[in-house]
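Heads up: the structure comes next, in structure tokens.
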Amino acid sequence: MQSTQRRRRDIVTPVAALVVALLLPLAILLGTAFLFGWRFQPIETNSMAPGYPAGSLAIVQPVEVGDIDSGMVIVFADPQDPSRLIVHRVVKELAGDSPAFKTKGDANAAADPFPVAAALVRGKVTWAVEGLGSFVTSVRGAPAIALLVVLPLVILVVTEVRDRRRPAVTDPATT
């Protein structure tokens, strides 16, 4: 019986350490993102390659319209399809009554055919992680709920039930 418990402990300890090593940085990143108002934007095309190739996950920080400069990479709602977000570089600010910008993907030969109104800008890209965007876009719906809600809940319930079944250990020095 004790050898089974020892083997189980020998397996559980490294697995628990691995889980903590993976989840702690993720929790710190998500907490920091929440506090600073950052958003995560998967980059789905190669229009910003090689700096931000398809499959990258961009970290998007809020930006004031007056702080947007040429050369800044911004995220904005597509003027032709507001449900779609685009990540492109500002080429120049356009003159006019309300602020608007000319944008272009780094890998594109020509600038975008439409001006981007300031109201469409969602933020600026501060950095990105290659490959993580593909994971984020693939884990949606039921798989996301299973991974982020059901799995931790099952782990919590199993550990609680196991702890309640374990007999209380008494210290012989106190009896």
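Numbering of residues begins at 1 and proceeds along the displayed sequence. Atoms considered below: every heavy atom in the structure, side chains included; atoms not considered: hydrogens, waters and symmetry mates.
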Locate the shortest heavy-atom distance separating [X] from [Y]; write the atom from each residue and the value.
| X | Y | result |
| --- | --- | --- |
| Ala49 | Asp106 | O-CB, 3.9 Å |
| Glu93 | Pro99 | OE2-CB, 4.2 Å |
| Pro79 | Pro115 | CG-O, 3.8 Å |
| Pro25 | Ala21 | CD-O, 3.0 Å |
| Ala128 | Ser56 | CB-CB, 4.4 Å |

Let me confirm one number: the [atom1]-[atom2] distance from [X] to [Y], rounded to the nearest 0.5 Å.
| X | Y | atom1 | atom2 | answer |
| --- | --- | --- | --- | --- |
| Glu44 | Arg84 | CD | CZ | 8.5 Å |
| Gln80 | Phe114 | CD | CZ | 5.5 Å |
| Arg89 | Tyr52 | CZ | OH | 6.5 Å |
| Gln41 | Arg122 | CD | CZ | 10.5 Å |
| Ile59 | Lys124 | CD1 | NZ | 14.0 Å |
| Phe101 | Ser70 | CZ | OG | 9.0 Å |

Spell out, yes or no, whether [X] and [Y] are grouped together once hydrophobic residues are joined by side-chain heavy atoms under 4.5 Å, including indirect joins.
| X | Y | result |
| --- | --- | --- |
| Ile74 | Leu120 | yes |
| Ile86 | Met48 | no |
| Val60 | Phe36 | no |
| Trp127 | Val90 | no |
| Val63 | Trp38 | no |

Determine whether [X] and [Y] make a side-chain contact, defined as any pair of heavy atoms from C-beta on separated by less than 4.5 Å.
| X | Y | result |
| --- | --- | --- |
| His88 | Ser47 | yes |
| Leu57 | Glu130 | no |
| Val75 | Val125 | yes |
| Asp81 | Asp78 | yes |

### Message
Under the criterion side-chain contact (heavy atoms from CB on, under 4.5 Å), I'd like the reasoning laid out for Val73 against Val87: C-alpha separation, chi angles, the key distance, then a yes or no.
### Response
CA-CA 7 Å; Val73 178; Val87 177; 3.6 Å; yes

### Task
Could you tell me whether the side chain of Asn46 and the main chain of Ala54 form a donor-acceptor pair under 3.5 Å?
yes

### Task
Give a yes-or-no answer on whether the side chains of Asp112 and Thr103 include a donor-acceptor pair shorter than 3.5 Å.
yes

